[in-house]
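For ligands, and for the atoms within them, numbers begin at 1 and follow the listed sequence. Keep in mind that this is a model prediction, so the values were computed, not measured.
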Amino acid sequence: MCGIIGIKGNNATEKAFFGLKILEYRGYDSWGVAYPSNNGFSVTKKVGHISNSEPFSSGSNIAIGHTRWATHGNVSEKNAHPHLSMDGKIALVHNGIVENFAEIKKSLIEKGFIFKSDTDSEVIVNLIQEKMKSENSFEEAVRKSLLEIEGSFAIVAVHLGDDKLVCARNGSPLVLGFGDSYFVASDATAFIGETKKVYFLNDNEMVVISLEPKVFDISSGKEISFETKELTWNFEQAQKGQYPHFMLKEISEQSKTLNLAVEQPKEKLDELTSLLKSSEKIFLIGCGTSYHACIAGSYFFSNAGLHVETVLASEFQRVENFLNEKTLIVALSQSGETADLLCAIKSAKKKGAKIASIVNVMDSSLMRISDVSLLMNAGPEICVLSTKSYTSQLAILLLLAYSIAGKANEAKQLVKETASKIELLISSSESEMESLAEKLADKKNIFIIGRGEAFPAALESALKIKEVSYIHAEGFAGAELKHGTIALIEEGTPAIVLCTPETRAEVLSNAIEMKSRGALIIGVDSKEHSEFDFNIIVPNCGNADIISLAIPIQLLAYYLALKKGLDPDKPRNLAKSVTVK
Ligand code: F6R
């Protein structure tokens, strides 16, 4: 949901350009860079992907940049950031949503301001210009403006003639980097090649980067002390390396990331296990793929004798009346910045509920708000689609479920065995999935069914296929088809049937029901069936079967995108880390 960057130091423009290319996964409909020059700000804005553009140098020691996922205003150069104030003296990039932008804009228009874009962000930069009349420094004008803004923001602003960057955060992520230059960005991968020494801003903090960064509380204006830390991720992890796309790289990494997922610090695992055992009510919440992992988790916990309810984070209000101090919320998120999830967590916290999280990004908002967190250790996931983070979530949920029964070591063994089987599966099924993709690329609909743990696997498979190939795909619990959707099956409709040994007999009956109506049946199982028109063989992984079921469909989705000439890393209309509600 928009990536922002600011640099103070040598070769600032080139560094901003480079960082934006890395941040592009956060939004890629348009981009822009601005730096102060002799005749005011020099601004470059373009519609499209920054990865298709050549970097340029400017000689400036200050630059800011933005890669956009449109919210207010269509995709156009005029709505791309950075935005300049009406007098041209302030440049600003913004990630977030200004909820009261209409009323601020109206009052600024009454004061004579003219707006060039349809964005909520231009309101901030003009409000700062207005405050400059009464405040005696740029940073005070920024701070006073932010006090009037309702909604979420991460901003970086520059004023001509002031050799400083002013940045602030409330609700949208922002991290400072300390290297040969100072960096500020939505995500540390934007500068990880330059420095690993970072400070993650908290909400309601503002930083003035002049000679050296100083952090202030936005409400009081008082300076606050802060401590830097060292990142554990490295530059190579955020690069495609030998792979043509991040999606294929991240699918291929799963044998490694599964092993890392179950290497949890004992004290954290014990703490969460005892919270799970002692809480009166437990909710597993997440969005998109993370929500599918939640459903699988509820099945794992149920096998361990523990009842948990799964709720879509965006629908969490429905259960708020049932929360109290004895409730535990387990929140799943790759990014730890998903707005729907953070909103649910904040209101659960107000009711006294305990918060646990399973999260990939260290020091993300979710991690910081949680009472206890388990890190996925999957490394940066750059492709917009969740792949390795999904299987890491599953591995950690299995570990927790086994841990409740005092069998954490058995779970580790199970996941490690699964990881080595997965390694073979990935290499052996690539070409098979590529040729299946060839057969399915021109289909309009694909249906996917599974029972038991293969049901959330079916939901997740459908999401993977539709978001990257734009083929309509729907996942169902096997028995549900005959309650309505079977009406859509006609001659040649592809239906993927996900089997596990426990659910095989029943789901095969559902497959035969579809086949009798003309469906082309693609079965995924550890053994062949004559009822299937196409057999995809996966290893038997026991209680971790849901992990092996995910792999061929991730690869199929990847190759479907390629067959249709689409970029699997950047599907249309999407962005990773959905920081708006
Ligand atoms: C699908 C996908 C999304 C995310 C969802 C939640 O491939 O990536 O559905 O799973 O936006 O994101 P996180 O896990 O970061 O909270």
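Counting the atoms of ligand 1 from 1 in the order shown, those under 4.0 Å from a heavy atom of Glu467 are 1 (C), 7 (O). Atoms of ligand 1 lying under 4.0 Å from at least one heavy atom of Val384, given by number and element, are 8 (O). Those atoms of ligand 1 that come under 4.0 Å of a heavy atom in Ser290, given as number and element, are 10 (O), 13 (P), 14 (O). The Lys464 neighbourhood of ligand 1 comprises atoms 1 (C), 7 (O), with distances under 4.0 Å to a heavy atom of that residue.
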Requested in this report: Apply salt bridge (Lys or Arg N to Asp or Glu O under 4.0 Å) to Lys416 and Glu263, showing your working.
Outcome: CA-CA 10 Å; Lys416 283 178 195 284; Glu263 285 312 323; 2.9 Å; yes
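Nearest non-hydrogen protein atom to atom 11 (O) of ligand 1 is Val578 CG2, 3.9 Å. Looking only at protein heavy atoms, the nearest one to atom 8 (O) of ligand 1 is Ser386 OG, 2.8 Å. The closest protein non-hydrogen atom to atom 15 (O) of ligand 1 is Ser335 OG, 2.7 Å. In terms of protein heavy-atom proximity, atom 10 (O) of ligand 1 is closest to Thr289 N, 3.1 Å.
Checked by atom type, the side-chain pair Asn445/His472 shows a donor-acceptor distance below 3.5 Å. At a cut-off of 3.5 Å, with distance as the only test, a side-chain donor of Tyr199 or Glu205 sits close to an acceptor on the other residue.
Taking a cutoff of 4.0 Å between a charged side-chain nitrogen and a carboxylate oxygen, Arg169 and Asp203 qualify as a salt bridge.
Of the possible donor and acceptor atoms, none in the side chain of Ser357 sits under 3.5 Å from a partner among the backbone N and O of Val359.
Heavy-atom proximity to atom 6 (C) of ligand 1, evaluated over Gly288, Cys287, Gly336, Ala339, is greatest for Cys287.
Side-chain rings of His94 and Phe153 stay apart, their centers remaining 6.0 Å or farther from each other. Taking the ring centroids of His292 and Tyr390, they lie at or beyond the 6.0 Å cut-off.
Here Thr338 has side-chain heavy atoms under 4.0 Å from ligand 1, and that is the only part of it that gets that close.
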